[in-house]
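Take a look at the structure below.
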There are 2 protein chains.
Amino acid sequence: MALAGARAVEAAADELKRLLGDRVSDAPAVREHHSRGESYHAPAPPDIVCFPSSTGEVAEIARISQRFRLALVPFGAGTSLEGHVNAIHGGISVDLREMNKVLRVSAEDLDATVEAGVTRLQLARALRDTGLMFSVDPGADATIGGMAATRASGTTAVRYGTMRDNVLALTVVLADGAVIRTGTRARKSAAGYDLTRLFVGSEGTLGILTEVTVRLHPVPDAVSAAVCAFDSIQGAVETVIATIQLGIPVARIELLDENQLDAVNRYSRTHYPVAPTLFFEFHSDSDAHLKELADTVQALASERGGRGFEWATHLEDRERLWQARHTAYYAALALRPGAQGWTTDVCVPISRLAECIVETRKDNEGAPFPICLVAHAGDGNFHLIYVLDPRQPDEIEHARRLNERMVVRALAMGGTSTGEHGVGLGKMKYLEAEHGPALDTMRLLKRALDPDNRMNPGKMVLP
Amino acid sequence: MALAGARAVEAAADELKRLLGDRVSDAPAVREHHSRGESYHAPAPPDIVCFPSSTGEVAEIARISQRFRLALVPFGAGTSLEGHVNAIHGGISVDLREMNKVLRVSAEDLDATVEAGVTRLQLARALRDTGLMFSVDPGADATIGGMAATRASGTTAVRYGTMRDNVLALTVVLADGAVIRTGTRARKSAAGYDLTRLFVGSEGTLGILTEVTVRLHPVPDAVSAAVCAFDSIQGAVETVIATIQLGIPVARIELLDENQLDAVNRYSRTHYPVAPTLFFEFHSDSDAHLKELADTVQALASERGGRGFEWATHLEDRERLWQARHTAYYAALALRPGAQGWTTDVCVPISRLAECIVETRKDNEGAPFPICLVAHAGDGNFHLIYVLDPRQPDEIEHARRLNERMVVRALAMGGTSTGEHGVGLGKMKYLEAEHGPALDTMRLLKRALDPDNRMNPGKMVLP
């Protein structure tokens with residue numbers, strides 16, 4: 001794409017101001033705020049930031065971007081981890097946080113429609129007292145639009161699925177400003193190409209999501225949680241495999257390695273044994289069944305080196321436990337004041353998870369910075385957090401090599417270069433190895449839907 | 001597309017014979033067999049039928065079809081219901097039944113890879129003694145490739161999902177003969193566009209599926225089934241809504257109307273009360289929990305006009321019950337010897353299901369042929385079977401009008417023109433009303449992946 005010059009930016013800014021008034025900004029602080037997510041990638045500010053409040057305004061912004069050949073980069077909560085929101089070709093950052101209305105909740109149909117800028121916790125608050133929950137839980141208080149755009153998942157995906165499974169329908173603004181609605185509120189459909197799934201995970205490179213219809217789930221009647229330390233990572237992972245293979249409907253089954261446990265203990269003032277540890281949550285419709293599930297898993301664990309369960313049945317105890325788990329990232333950063341986190345993830349068939357983790361940890365030995373591991377073990381998905389000093393190029397380079405070795409290993413094991421963080425800038429270079437000729441098919445789709453390469457250009461696939 | 005003439009067909013047949021030997025045929029009986037599925041649509045024979053035995057051969061067939069500008073129409077078990085396999089522009093029918101190997105089963109990862117021509121029951125046989133099952137169950141013994149291509153579902157979708165949810169990865173031959181692999185064996189991925197979901201449900205219009213990696217599920221430890229007659233359709237549907245809303249993990253919840261019950265009784269020599277009836281199946285990991293589930297649902301039913309459960313806990317009793325349900329289509333046809341079935345389906349948000357069924361049945365009153373109703377009620381999906389005399393144009397026209405009224409009603413209720421049968425020829429005319437401008441996006445995808453419109457042309461979307 002021939003990038004538009006300063007004059008085009010100025011002219012576009014004038015038109016945008018006519019459209020949006022003071023909901024347009026080119027102030028340095030605002031542009032700076034929209035230059036990056038929560039990742040290590042170099043910040044890149046947009047030329048202009050817009051704060052539209054309706055799908056119609058987003059469509060008009062797209063038409064203006066088309067006229068002046070400016071890039072369009074959607075922006076939500078700014079919590080992305082692979083540089084998705086960095087405006088590497090400048091252009092217009094479309095901040096969707098003003099589109100923050102919960103439009104509709106149906107208790108009978110277990111679904112809701114929200115504007116893209118509604119966050120996960122905002123939706124949770126709107127559902128309080130309905131007996132329903134939105135299950136996808138990536139940790140950060142991301143926007144639902146951003147979660148759909150990056151195909152987010154999190155701790156409960158093992159039971160309730162990822163955004164792929166929990167989005168029913170979308171409103172999307174295309175490159176030329178056309179507005180389409182994909183999917184319906186029917187639970188299933190065989191009526192045409194699955195555009196909903198095409199846009200889920202497309203990271204703003206095919207269109208901008210402005211409304212999302214999501215599935216909801218009944219809040220379970222009975223919930224319990226537990227922590228169990230293991231003698232070895234293998235024992236922990238084998239417990240996970242056995243649990244999944246028996247079809248035990250565990251709601252969460254998270255693995256933390258001893259480095260991460262140590263960081264959690266320091267940060268959250270907890271006293272878990274410093275060892276590979278599984279965090280469990282069980283959901284059921286009955287207390288008796290809940291106890292059966294938990295007993296079964298406890299037996300599986302103790303046969304595999306589990307050192308006994310510490311239970312958390314009361315809500316406050318469970319919240320404390322999951323709070324410890326959810327602050328894992330910040331706990332890791334706190335190991336080294338002034339450090340920055342480079343967090344990365346891969347996902348492999350669960351039969352290869354123990355091997356992949358063990359070999360990766362061997363690579364990590366001797367690294368000049370702390371490395372913590374957290375896994376959504378039931379999905380075969382694990383994360384590393386490299387706790388770096390960003391002023392040390394050697395550290396960045398060391399992390400780059402470790403990350404590459406891990407991704408190459410995951411691909412060789414039949415896995416994927418990212419289970420849930422997305423491609424953005426960070427994983428682009430691995431897509432050829434992962435997809436082979438199918439990457440050409442992705443390029444065809446990109447060119448068909450974004451012929452002048454304005455939609456989050458330079459990310460995911462190059463046309 | 002300018003259709004190729006007789007000379008091109010002859011030249012292509014020569015090349016195909018060099019490639020495949022006697023696995024090519026232009027014999028009238030073979031072409032006739034490949035002219036239609038199990039639907040009312042006018043048969044249309046291909047010019048040539050091929051029986052490839054590998055992905056490489058399918059790729060070579062695609063290249064030959066490209067050189068001679070001949071249509072490519074994939075063919076599996078021939079059980080499709082909307083004319084998907086009818087070769088309306090002639091060309092090459094690619095019969096995948098020679099590609100019938102189960103390539104790999106992993107008990108640890110709960111997945112399997114099969115060639116596209118493997119049928120559902122063949123896979124079930126291969127899984128016997130593994131403790132695993134493939135859950136998607138559309139009734140007919142369709143091929144896994146055909147089920148993926150039409151996004152099939154069936155009675156267990158309410159618990160285990162449709163083909164959308166149960167396909168992990170695909171091997172696809174594209175229009176130009178390129179072979180791509182979509183997805184990986186990882187349970188989840190955020191690495192690029194979801195090509196797997198794009199091809200699932202694309203009905204051969206974007207490429208030919210040659211291998212499918214599917215998810216498997218553990219065979220449940222405890223299973224029971226039951227039948228319950230109701231005073232009214234409303235009471236039955238309200239029981240379904242309450243069951244789903246409470247999050248009760250029912251494995252099957254099927255509704256048959258009194259016409260269908262009567263047909264089943266006659267055909268299967270059963271003695272169910274002739275009334276709106278729910279067929280249930282419950283799966284659990286424990287007998288105690290199973291009983292709790294069943295008791296809860298029984299209470300919900302009796303509060304809503306259910307006349308008491310008839311239980312089938314032993315395997316043979318359950319098989320008899322589901323046999324009765326699965327032969328519903330043939331039972332309907334047997335109401336009128338010599339008749340042909342026109343079967344159609346829609347899917348609506350479950351809150352609208354009772355209303356949609358009641359109004360549709362009002363339309364159906366006074367029709368000059370029997371009409372039976374079967375619903376995958378937990379999904380909001382129902383089917384009608386019009387039992388027609390195909391020699392009576394008045395009957396065809398009457399069915400056409402009824403079908404149209406039902407589809408228009410389902411769309412007005414936020415539903416879809418087909419929950420699981422697919423678009424094929426039969427539902428094309430409703431896609432504009434269902435998708436609006438998103439249909440243009442589907443056309444863009446079609447043109448991008450099939451620029452000379454050879455892949456099952458004239459179906460689903462016109463380029």
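On a predicted model such as this, the values are computed, not experimentally measured, just so you know. Proteins come first, then strands; the chains are lettered A, B, ... in the order of their sequence lines, and each starts at number 1.
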Most chain A-contacting option - heavy-atom pairs closer than 4.5 Å, from [options]:
{"options": "B:Ala169, B:Gly415, B:Gly192, B:Ala242", "answer": "B:Gly192"}
{"options": "B:Lys427, B:Glu82, B:Gln245", "answer": "B:Gln245"}
{"options": "B:Leu110, B:Thr418, B:Val461", "answer": "B:Thr418"}
{"options": "B:Gly201, B:Gly422, B:Pro249", "answer": "B:Gly422"}
{"options": "B:Arg164, B:His421, B:Met428", "answer": "B:Arg164"}

Which bit of [X] is near chain A, if near means a heavy-atom gap under 4.5 Å: side chain, backbone, both or neither?
{"X": "B:Glu203", "answer": "side chain"}
{"X": "B:Asn381", "answer": "side chain"}
{"X": "B:Val423", "answer": "both"}
{"X": "B:Ser284", "answer": "side chain"}
{"X": "B:Glu292", "answer": "side chain"}
{"X": "B:Val172", "answer": "neither"}
{"X": "B:Leu168", "answer": "neither"}
{"X": "B:Met460", "answer": "side chain"}

Side chain, backbone, both or neither: which part of [X] has an atom under 4.5 Å from a heavy atom of chain B?
{"X": "A:Leu195", "value": "side chain"}
{"X": "A:Ile241", "value": "side chain"}
{"X": "A:Ala107", "value": "both"}
{"X": "A:Leu246", "value": "backbone"}
{"X": "A:Arg181", "value": "backbone"}
{"X": "A:Asp194", "value": "both"}
{"X": "A:Val346", "value": "neither"}
{"X": "A:Leu174", "value": "side chain"}

Interatomic distance, [X] atom [atom1] to [Y] atom [atom2] [nearest 0.5 angstrom]:
{"X": "B:Ser106", "Y": "A:Arg352", "atom1": "OG", "atom2": "CZ", "answer": "10.5 Å"}
{"X": "B:Asp176", "Y": "A:Asp440", "atom1": "CG", "atom2": "CG", "answer": "9.5 Å"}
{"X": "A:Leu439", "Y": "B:Ile180", "atom1": "CG", "atom2": "CD1", "answer": "10.5 Å"}
{"X": "A:Arg187", "Y": "B:Thr162", "atom1": "CZ", "atom2": "OG1", "answer": "12.0 Å"}
{"X": "A:Met442", "Y": "B:Thr182", "atom1": "CE", "atom2": "OG1", "answer": "8.5 Å"}

Find the one option among [options] whose heavy-atom pairs under 4.5 Å with chain B are most numerous.
{"options": "A:Cys347, A:Gly380, A:Ala157, A:Gly161", "value": "A:Cys347"}
{"options": "A:Gly424, A:Gly247, A:Gly414", "value": "A:Gly414"}
{"options": "A:Pro218, A:Ala438, A:Gly436, A:Gly419", "value": "A:Gly419"}
{"options": "A:Met413, A:Arg447, A:Lys446, A:His217", "value": "A:Lys446"}
{"options": "A:Gly378, A:Pro437, A:Pro349", "value": "A:Pro349"}
{"options": "A:Thr205, A:Thr296, A:Val219, A:Ile248", "value": "A:Thr205"}

With side chains defined as the heavy atoms from C-beta onward, is the minimum distance between [X] and [Y] less than 4.5 Å?
{"X": "B:Glu108", "Y": "A:Ile350", "answer": "no"}
{"X": "A:Asp285", "Y": "B:His289", "answer": "yes"}
{"X": "B:Leu445", "Y": "A:Leu444", "answer": "no"}
{"X": "A:Thr184", "Y": "B:Leu411", "answer": "no"}
{"X": "B:Ser189", "Y": "A:Glu434", "answer": "yes"}

Next item on the list: Please assess A:Ser153 against B:Lys188 for the test side-chain hydrogen bond (donor to acceptor under 3.5 Å, both in side chains), listing each intermediate value before the final yes or no.
Entry: CA-CA 9 Å; A:Ser153 50; B:Lys188 64 184 196 185; 2.9 Å; yes
Next item on the list: Without swapping roles, check the side chain of B:His435 against the backbone of A:Ala191 for a donor-acceptor pair under 3.5 Å.
Entry: yes
Note to self: Show the nearest heavy-atom pair for residues A:Ala448 and B:Ala448, with the distance to one decimal.
What the structure shows: CB-CB, 3.7 Å
Item checked: Audit row: B:Thr441, A:Tyr193, side-chain hydrogen bond (donor to acceptor under 3.5 Å, both in side chains) steps and yes/no -> CA-CA 9 Å; B:Thr441 307; A:Tyr193 304 144; over 6 Å; no
